[in-house]
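Just below is one structure, and these are the notes that go with it.
What you see is a predicted model; the values in this text were computed from it and never measured. Values below: every heavy atom of this structure, side chains too, minus hydrogens, waters and symmetry copies.
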Number of protein chains: 4
Amino acid sequence: MEKIRVGILGFGKTGKLVTNEFLKEHDFLVKWVIRKNEESNHRYASKVLGYEKECGELFTPENITKNFNEEYPVDVLIDFSSDAGVDLYGKLVKKGVPIVSAISNYSDEGMNKLKAIAECSPVLYSPNITLGINVLLVAAQILQKIVPHADIEIVEEHFKGKDEISGTAKKIAKILDLSPEKHINSVRVGGVVGRHEIIFGLPNQIIRLSHESISRAAFGQGAIFAARAVLDKGPGMYTMENIIAKMFSENVPVY
Amino acid sequence: MEKIRVGILGFGKTGKLVTNEFLKEHDFLVKWVIRKNEESNHRYASKVLGYEKECGELFTPENITKNFNEEYPVDVLIDFSSDAGVDLYGKLVKKGVPIVSAISNYSDEGMNKLKAIAECSPVLYSPNITLGINVLLVAAQILQKIVPHADIEIVEEHFKGKDEISGTAKKIAKILDLSPEKHINSVRVGGVVGRHEIIFGLPNQIIRLSHESISRAAFGQGAIFAARAVLDKGPGMYTMENIIAKMFSENVPVY
Amino acid sequence: MEKIRVGILGFGKTGKLVTNEFLKEHDFLVKWVIRKNEESNHRYASKVLGYEKECGELFTPENITKNFNEEYPVDVLIDFSSDAGVDLYGKLVKKGVPIVSAISNYSDEGMNKLKAIAECSPVLYSPNITLGINVLLVAAQILQKIVPHADIEIVEEHFKGKDEISGTAKKIAKILDLSPEKHINSVRVGGVVGRHEIIFGLPNQIIRLSHESISRAAFGQGAIFAARAVLDKGPGMYTMENIIAKMFSENVPVY
Amino acid sequence: MEKIRVGILGFGKTGKLVTNEFLKEHDFLVKWVIRKNEESNHRYASKVLGYEKECGELFTPENITKNFNEEYPVDVLIDFSSDAGVDLYGKLVKKGVPIVSAISNYSDEGMNKLKAIAECSPVLYSPNITLGINVLLVAAQILQKIVPHADIEIVEEHFKGKDEISGTAKKIAKILDLSPEKHINSVRVGGVVGRHEIIFGLPNQIIRLSHESISRAAFGQGAIFAARAVLDKGPGMYTMENIIAKMFSENVPVY
């Protein structure tokens with residue numbers, strides 16, 4: 001079987017973790033990684049991350065030549081860089097190559113550019129790309145329909161330094177049509193990586209859906225899942241939530 | 001709106017809790033309750049349970065007259081009695097009247113009788129009829145398909161006196177094709193009513209689905225839900241799990 | 001062994017649960033119960049609660065005769081009535097008889113009266129008299145001293161109808177010198193009886209102390225524990241927290 | 001204030017994490033680190049761990065000269081190496097210098113050697129040196145005395161690969177005199193670093209004490225705590241559990 005060739009945009013703290021997960025995955029081959037600046041003199045991302053093998057040739061945005069997308073073709077592009085990354089897509093990959101973007105916040109302009117690209121290529125965009133969170137998002141929406149009279153509360157726990165309310169918790173509140181001020185409980189303690197819990201309360205029983213991140217490497221696993229999912233899609237905008245919702249539909253048990 | 005008339009078979013500890021829930025539900029009218037023996041001289045179940053109103057006329061199996069199902073017609077029959085209850089269905093209700101049975105264990109003979117009745121009437125049969133447990137059963141099956149590489153463990157907590165492994169935990173293990181000996185962890189402490197947790201472990205994240213019973217009145221709420229669900233069904237055998245699975249299908253979010 | 005004779009003041013919802021726990025406890029004998037009004041024509045509290053035996057003769061405050069404390073002597077008085085109950089103590093029991101009060105809130109005047117009584121009798125006063133909560137209160141204070149750099153957060157879960165922040169959570173915040181606005185997270189869902197969790201967060205580890213009430217009968221068990229503890233005490237004011245703290249001191253493991 | 005000079009024995013996976021924690025602690029100065037073999041050509045542990053500063057000169061056991069303990073004096077020795085480490089103590093530090101050992105399992109011979117050293121030096125030995133676990137150990141013993149009728153269960157969650165039952169869970173079972181076969185519930189899922197929960201069940205309430213490790217760096221924090229604790233002690237054998245128990249005694253709230 002031929003390996004899936006992947007190009008990665010972004011080699012910061014999260015970008016490195018994501019690259020590392022792709023390097024460990026047997027059916028993917030990391031062709032190149034775009035990083036902002038030359039912080040080390042290693043030529044390969046794999047070397048920076050302590051591997052013996054030479055994978056993921058490193059380029060800076062300035063290094064990208066005119067024919068880059070022909071000389072270094074990939075099957076899927078992963079973006080963990082920043083809002084500005086979208087401007088490089090055209091140079092990096094040909095039209096039609098699937099793109100996975102996990103940028104936290106696009107400006108309106110950036111989002112419009114992304115949508116324009118989605119007219120020719122499949123684009124999966126999810127700021128929180130972990131599998132578990134998207135499973136919670138979908139399951140919670142279904143539960144709310146099944147038990148409309150349940151009281152729903154969201155508890156999120158994160159490390160002490162995190163000032164603002166978790167964006168994921170806000171997203172959960174939004175899709176469940178709950179006031180974030182009233183229904184999100186933010187607990188900040190120690191070094192907790194991240195935990196989200198959705199509680200459905202009924203008079204005589206309680207259902208809890210929870211997701212704990214053990215390590216940010218979960219983003220990498222999410223990106224791998226997303227890359228596989230987007231490979232055989234046609235042009236258009238997708239989200240992890242869409243993909244997971246579709247998998248829910250296809251996997252409801254039949255008796 | 002006309003109320004839904006309900007007949008209840010069984011007035012033991014659970015039967016009383018279930019009757020009480022139906023008495024509190026505005027769109028149901030408890031017509032009669034069949035109890036084993038005349039333990040009090042109250043004529044109405046509502047009186048035994050401390051209500052002022054007179055609802056749920058009490059009968060013993062011996063009291064049931066030949067024309068009972070014509071004289072005391074109901075829209076749905078709820079059975080929280082025992083394996084033997086099935087023999088009374090014909091006397092209590094006419095063919096076609098929906099039946100909800102929450103009997104724990106039928107003998108083969110009892111189950112065959114139930115199936116025979118299901119040829120003419122809609123019969124919903126679920127030993128654990130709480131809403132939350134059935135939501136867990138369905139959600140867990142879908143998750144296992146979405147993350148087939150997850151490690152799955154079941155933890156069940158119950159009151160100290162409960163000797164055997166929870167039947168619900170065994171059911172969860174069975175539908176997920178897990179060895180109950182290896183994957184069910186039974187914790188017995190104090191007066192815990194009942195808690196089931198299904199843990200999905202991935203290298204960098206954990207998803208937990210849990211259900212806690214606060215009171216056995218949850219069975220009553222489940223029976224009400226089941227009664228509504230079965231009212232407009234055609235003849236056949238149904239389970240809470242079926243009904244919930246169907247609701248999952250119908251309520252997957254569309255974007 | 002002679003049984004400990006107990007008199008109970010208060011026969012509302014909680015008073016009944018408390019009386020019931022004392023009735024089940026083998027080394028206690030419920031002599032009488034004072035209730036506000038004659039809501040039933042039973043003469044004994046035990047009868048109201050469904051027992052065959054005749055225990056806990058019922059009196060209203062108006063029934064209490066001048067020589068009541070000589071005619072109906074008890075070894076300990078339990079008060080689950082209201083602020084006004086303190087005015088009856090003198091009539092109900094002789095000076096020196098130990099008193100357990102679980103009144104939620106005394107007025108300044110009521111508290112002064114209680115303190116005056118404590119000059120001659122041992123008085124144990126605790127608005128939340130459950131064993132577990134007081135264990136948490138003591139353990140949390142010790143932990144805060146051992147790990148002074150930990151972030152501490154309080155999560156309390158209660159039933160939907162509970163409007164205000166849990167008084168127990170406020171108490172926890174107060175003894176740990178935490179701002180209740182910032183550090184108490186109040187979750188309101190379904191029929192949760194009551195759960196308090198104190199989270200100690202450190203950079204690489206988290207300690208959680210939690211207490212769940214399964215039933216309000218826990219107040220009765222607390223009162224029994226308090227009654228035993230106060231029996232051999234001299235005059236003075238005590239709290240459950242004091243008693244538990246002393247038990248901590250006496251039971252620290254020695255190696 | 002002069003810094004506390006520390007020597008570390010062991011620079012494997014855990015040894016590195018521990019060294020890193022000491023490097024970050026302002027009042028400690030890592031003088032040297034003994035590692036098994038020369039795996040890199042860095043001269044300082046700090047350099048291996050990515051610091052600019054030069055701290056923790058690296059030696060192999062073969063490098064240790066005759067006058068090492070005079071030329072490279074430290075105030076405390078930390079051992080995260082192996083059973084064999086004890087043979088080097090004499091060469092590394094003078095008699096009387098406090099020692100913290102977190103070796104998992106000593107042979108009888110090794111333990112005897114350690115005890116011999118403890119005749120002249122304060123030796124703190126704890127296989128699980130995390131603060132939180134030792135807090136749980138002490139608190140659980142006290143609780144068991146306060147509520148002797150509680151049912152106690154232990155739940156431990158660890159990563160999938162961990163085959164045997166957690167040694168810490170066994171230790172908890174032992175000090176609480178519980179059969180490990182009956183009362184330890186071992187859950188193995190995904191990448192869970194480590195979680196221990198001790199559940200105290202009473203008829204109407206449940207108390208839970210839990211400890212979660214977020215990262216193995218918690219061992220380093222424990223070693224720092226232990227080093228501080230042992231500095232002003234006289235010769236003898238100590239454990240984290242002892243130290244924590246003593247802190248419990250000293251910090252029980254007084255009213």
Side-chain angles (χ1 to χ4, degrees), chain C residues 17 21 24 130-147 150 175 193-195 197 199-222 225 237-239 241-255, chain D residues 17 21 24 130-147 150 175 193-195 197 199-222 225 237-239 241-255:
Chain C
L17 280 168
E21 293 303 305
K24 290 190 292 180
T130 47
L131 201 55
I133 279 298
N134 287 284
V135 163
L136 248 65
L137 281 174
V138 175
Q141 287 174 82
I142 300 175
L143 250 72
Q144 192 181 35
K145 291 272 172 57
I146 296 180
V147 284
I175 56 163
V193 177
R195 203 173 77 87
E197 181 174 67
I199 311 174
F200 290 78
L202 293 165
N204 303 302
Q205 57 192 311
I206 305 285
I207 300 168
R208 295 174 195 260
L209 309 178
S210 86
H211 177 257
E212 295 162 56
S213 290
I214 295 170
S215 133
R216 285 178 188 83
F219 288 116
Q221 287 299 320
F225 188 92
M237 284 291 279
Y238 303 88
T239 66
E241 206 190 326
N242 292 158
I243 307 276
I244 299 286
K246 197 150 175 292
M247 293 182 83
F248 263 72
S249 273
E250 293 162 359
N251 290 294
V252 171
V254 181
Y255 302 89
Chain D
L17 281 167
E21 292 303 305
K24 290 191 291 181
T130 48
L131 202 55
I133 279 298
N134 287 283
V135 162
L136 248 67
L137 281 175
V138 174
Q141 288 175 79
I142 300 175
L143 250 73
Q144 192 182 33
K145 291 274 171 57
I146 296 180
V147 284
I175 57 164
V193 178
R195 204 173 77 86
E197 182 174 67
I199 311 174
F200 289 79
L202 294 164
N204 304 301
Q205 58 192 312
I206 306 284
I207 301 168
R208 293 173 196 260
L209 310 177
S210 85
H211 176 260
E212 295 161 58
S213 289
I214 296 169
S215 133
R216 285 178 189 83
F219 288 116
Q221 287 299 319
F225 188 91
M237 283 293 278
Y238 303 87
T239 66
E241 205 190 326
N242 291 161
I243 306 277
I244 299 286
K246 198 152 173 291
M247 294 182 82
F248 262 73
S249 272
E250 291 162 0
N251 290 294
V252 172
V254 181
Y255 303 87

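For Leu137(C), no part sits under 4.5 Å from any heavy atom of chain D, backbone or side chain. For Val147(C), the part sitting under 4.5 Å from any heavy atom of chain D is the side chain, from C-beta outward, and nothing else. Contacts of Ala245(C) with chain D are made by both backbone and side-chain atoms, with heavy-atom separations under 4.5 Å. At a 4.5 Å heavy-atom cutoff, the contact between Ile244(C) and chain D is made by backbone and side-chain atoms alike. Heavy atoms of Glu21(C) lying under 4.5 Å from chain D belong exclusively to its side chain. With a threshold of 4.5 angstrom between heavy atoms, Phe219(D) does not approach chain C through any atom at all.
Counting heavy-atom pairs closer than 4.5 Å to chain C, the top-ranked of the candidates Ala139(D), Gly132(D), Pro253(D) is Pro253(D). With chain D as partner, the option from Val138(C), Thr130(C), Leu131(C) having the largest number of non-hydrogen pairs under 4.5 angstrom is Leu131(C). Contacts with chain C were tallied for Ile207(D), Ile133(D), Val193(D), Ile206(D); Ile206(D) has the most, counting heavy-atom pairs under 4.5 Å. Of the residues considered (Val135(C), Leu209(C), Asn242(C)), Asn242(C) shows the highest number of contacts with chain D, using heavy-atom pairs under 4.5 Å. Of the listed residues (Phe248(C), Phe200(C), Phe225(C)), the greatest number of heavy-atom pairs within a distance under 4.5 Å of chain D belongs to Phe248(C). Contact count versus chain C (heavy atoms, under 4.5 Å) is highest, among Arg216(D), Glu241(D), Glu197(D), for Glu241(D). The most heavy-atom pairs under 4.5 Å with chain D, out of Ser210(C), Ser249(C), Ala218(C), Gly194(C), come from Ser210(C).
Legend: residues meeting side chain to side chain contact (heavy atoms under 4.5 Å, CB included) with Pro203(D), ordered by chain and number and at least two apart, are absent. In this structure, the side chain to side chain contact (heavy atoms under 4.5 Å, CB included) partners of Lys145(D), at least two apart in sequence or on a different chain, are Asn251(C).
Asn204(C) has its side chain out of reach of Ser213(D): every pair of non-hydrogen atoms, C-beta onward, lies at least 4.5 Å apart. For the pair Leu202(C)/Gln221(D), no side-chain contact is recorded, criterion being any heavy-atom separation below 4.5 Å from C-beta on.
Checked options Arg208(D), Arg195(D), Glu212(D); the residue passing with Arg208(C) is Glu212(D) (criterion: side-chain contact (heavy atoms from CB on, under 4.5 Å)).
Distance check: Glu250(D) CD to Ile142(C) CD1 gives 11.5 Å after rounding to the nearest 0.5 Å. The CD1 atom of Ile146(D) sits 12.0 Å away from the NZ atom of Lys246(C) when rounded to the nearest 0.5 Å.
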